[in-house]
Student: 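Here's a structure for you.
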Amino acid sequence: MLWLRSIIYYLIVTLVALMISAVHGTVWGLTFALVVVGASLVFHLYNLGSLYKWAQKPRVETVPRSFLLWQDVFDKFYDQVRLQKKQQDRLANTLERFTSAGEALPDGVIILDEHDRIEWCNQAASTHLGIDRIADIWQVVTNILRQPSLREYLRTQDFSHPLLLRTTRPAEQVLSVQLVPFDSTRKLLLSRDITQLDRVQTVHRDFIANVSHELRTPLTVVGGFIETMIDIPDLDPTTRQQQLQLMYDQTQRMQRLVEDLLTLSKLENGQQLREEEVDVPQLMRLLKSEADGLSQGRHTIRIGAIASVRLIGNHDELHSALSNLVSNAIRYTPPGGTITLSWRAEGEVPLFSVQDTGIGISPEHIPRLTERFYRVDRGRSRATGGTGLGLAIVKHILQRHQAQMVIRSRLGEGSEFAVKFPAQRLLVE
Ligand code: ADP
């Protein structure tokens, strides 16, 4: 104990002074005591000065050194400051980790104070909402983000649902924004980029609308005829026969549509491609005989080139994709036209192509042909039994084979649908 040691020290000094007084007289005893007390005063003052100076900028590395009691005092300071520094470092580390985690979040995070001023925001929030992370700090958020719906959202203070925000700046995007109050005065403003999700939902909605629309017409036709037959049971046999034929055609149309939808759904389920060796020359011959059957002699169907090259892929899927291209060529080529199928290897790249001398396609339609239900001429497509899903199915199958479709066409002159397979799918005999 520091105080006990000090008392013992001063007791010893007093004792020695008394002994000196007894032996050499009081003057010598007092002188001794004065010298010792004076020296210890200087010692204390000096150390106090060091402590005062250090306390102005207290750092672990500069804790003063001394001896006797003062070394004990300084040791205590040293331990304290070191502990404090350790805690500070740990805190700083934790804070840094939290900040880095906040920065790494794909969602935007803004911390707002009680006056809705921006205290902090991460990179994602800055990208989503166009916030300048230096200039906009401590600005009221609604002065920076000027969307009226966001102002209203903040004003009503009803944060139970996220707000859907469509922005054009800094980028065209759809954001889901949600406010979460915390620690009684502050709020977190969270933003999530749902552009992709929104697009998928739109495609989904359009798809359902299209399917319903496609089914409605044949159902109306069939329903109408059935109604007539109920109302007029003794319809003359010729009309009845005609109506039955039309009803049959419409049910066939619905069946084709449902089959195509099922094929698409199967492909979208993304089951792994069952790979096998596909004998393309044999597949070409099969396609030609199917084309002859479809055309019924109205077109000339030729095989241009057959390279003796096999492919690694799925036979049934490839058959379905390529026969779609062949059937399109026949359906969109007026009688008397020519359709040429070929299978050749352009350098390392295996290429299947269907060329026709048909109606052709004007350039603005070409990029959209593989969209579901996209048709250049709706009437012609329906009249020839099209569902509008053929090329969408082809696209899916080709994607599963890492193949690419190249469409070349001139309006009124004909088209070429070429499929390029990646070289690694090639099997040269
Ligand atoms: P559909 O069932 O309508 O034929 P697809 O998806 O197979 O649907 O084709 C989409 C559209 O692309 C067709 O409606 C047609 O307008 C156009 N098309 C496809 N192949 C050809 C072709 N060989 N010549 C001209 N137009 C074509």
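In each ligand, atom 1 is the first atom listed, and ligand 1 is the first ligand listed. Along the sequence shown, residues are numbered consecutively beginning with 1.
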Student: Is the shortest side-chain heavy-atom distance between Ile118 and Val140 below 4.5 Å?
Tutor: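 Ile118 vs Val140: side chains apart.
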
Student: How close does the nearest protein non-hydrogen atom get to atom 17 (C) of ligand 1, and which residue and atom is it?
Tutor: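 Ranked first by proximity to atom 17 (C) of ligand 1 is Leu369 CD2, 4.0 Å.
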
Student: If the cut-off is 4.0 Å to any non-hydrogen atom of Asp356, which atoms of ligand 1 fall inside it?
Tutor: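 Atoms satisfying the 4.0 Å criterion: 22 (C), 23 (N).
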
Student: Only one of Ile301, Asp292, Val354, Asp356 passes side-chain contact (heavy atoms from CB on, under 4.5 Å) with Ile330; say which it is.
Tutor: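 The passing option is Ile301.
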
Student: Ile361 heavy atoms, cut-off 4.0 Å: which ligand 1 atoms fall inside?
Tutor: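 That gives atoms 25 (C), 26 (N), 27 (C) of ligand 1.
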
Student: Measure up the Trp54 and Phe77 rings against each other and bin them: parallel (under 30°), tilted (30 to 60°), perpendicular (over 60°).
Tutor: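 Perpendicular.
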
Student: Would you mind checking if Arg400 and Glu317 are paired as a salt bridge, meaning a charged N to carboxylate O distance below 4.0 Å?
Tutor: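 Here Glu317 pairs with Arg400 in a salt bridge, since their nearest N and O are under 4.0 Å apart.
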
Student: Go through ligand 1 atom by atom and flag the ones less than 4.0 Å from a non-hydrogen atom of Tyr374.
Tutor: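 Ligand 1 atoms under the 4.0 Å threshold to Tyr374: 10 (C), 11 (C).
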
Student: Give the numbers and elements of all ligand 1 atoms closer than 4.0 Å to a heavy atom of Val376.
Tutor: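 What qualifies from ligand 1 is 14 (O), 16 (O).
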
Student: Atom 13 (C) of ligand 1: which protein heavy atom is closest, and how many Å away?
Tutor: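 The protein heavy atom lying closest is Tyr332 OH, 3.3 Å.
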
Student: Quick one: nearest non-hydrogen protein atom to atom 19 (C) of ligand 1, plus distance?
Tutor: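 It is Asn328 ND2, 3.5 Å.
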
Student: Under 4.0 Å, heavy atoms only, figure out whether ligand 1 is touched by the backbone of Arg331, its side chain, both or neither.
Tutor: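 Near ligand 1, Arg331 shows its side chain, while the N, CA, C and O stay back.
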
Student: Could you find the nearest protein heavy atom to atom 6 (O) of ligand 1 and give me its residue, atom name and distance?
Tutor: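 Of the protein heavy atoms, Leu391 N, 2.8 Å lies nearest.
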
Student: Report the relative orientation of the aromatic rings in Phe421 and Trp343; use parallel for angles under 30°, tilted for 30 to 60°, perpendicular for over 60°.
Tutor: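 It falls in the perpendicular class, over 60°.
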
Student: Using a strict cut-off of 4.0 Å, indicate which atoms of ligand 1 neighbour a heavy atom of Thr387.
Tutor: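 Selected atoms, number and element: 2 (O).
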
Student: Looking at non-hydrogen atoms alone, which of Ala329, Ser381, Gly386 comes nearest to atom 3 (O) of ligand 1?
Tutor: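 It is Ser381 whose heavy atom sits nearest to atom 3 (O) of ligand 1.
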
Student: So that I can tick it off, tell me whether Arg199 and Glu172 are bridged by a salt bridge, with the cut-off set at under 4.0 angstrom between side-chain N and carboxylate O.
Tutor: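 Between Arg199 and Glu172 there is no salt bridge, as every charged N stays at least 4.0 Å from the carboxylate O atoms.
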
Student: List ligand 1 atoms under 4.0 Å from Arg375, heavy atoms only on the residue side.
Tutor: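 Here the atoms of ligand 1 in question are 3 (O), 14 (O).
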
Student: Mind listing the closest non-hydrogen atom pair of Ser353 and Glu416 along with its distance?
Tutor: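 So the two residues come closest at OG-OE2, 3.1 Å.
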
Student: Out of Gly388, Ser362, Gly358, indicate the one that has the non-hydrogen atom closest to atom 2 (O) of ligand 1.
Tutor: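 Among Gly388, Ser362, Gly358, the closest heavy atom to atom 2 (O) of ligand 1 comes from Gly388.
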
Student: Side chains of Asp113 and Thr185: does their closest heavy-atom pair fall under 4.5 Å?
Tutor: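 Heavy-atom side-chain distance check fails, nothing below 4.5 Å.
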
Student: Is Lys85 paired with Asp89 through a side-chain N to carboxylate O contact shorter than 4.0 Å?
Tutor: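 Salt bridge between Asp89 and Lys85, a charged N being under 4.0 Å from a carboxylate O: yes.
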
Student: Considering the heavy atoms of Gly390, write down every atom of ligand 1 situated less than 4.0 Å from one of them.
Tutor: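 Listed by number with element: 5 (P), 6 (O), 7 (O).
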
Student: Need the ligand 1 atom indices (1-based, order shown) with element for anything under 4.0 Å from a heavy-atom of Ser415.
Tutor: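 Reading through ligand 1 atom by atom, the close ones are 24 (N).
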
Student: Passes side chain to side chain contact (heavy atoms under 4.5 Å, CB included), Asp377 versus Tyr332? Steps please.
Tutor: CA-CA 10 Å; Asp377 177 347; Tyr332 298 106; over 6 Å; no

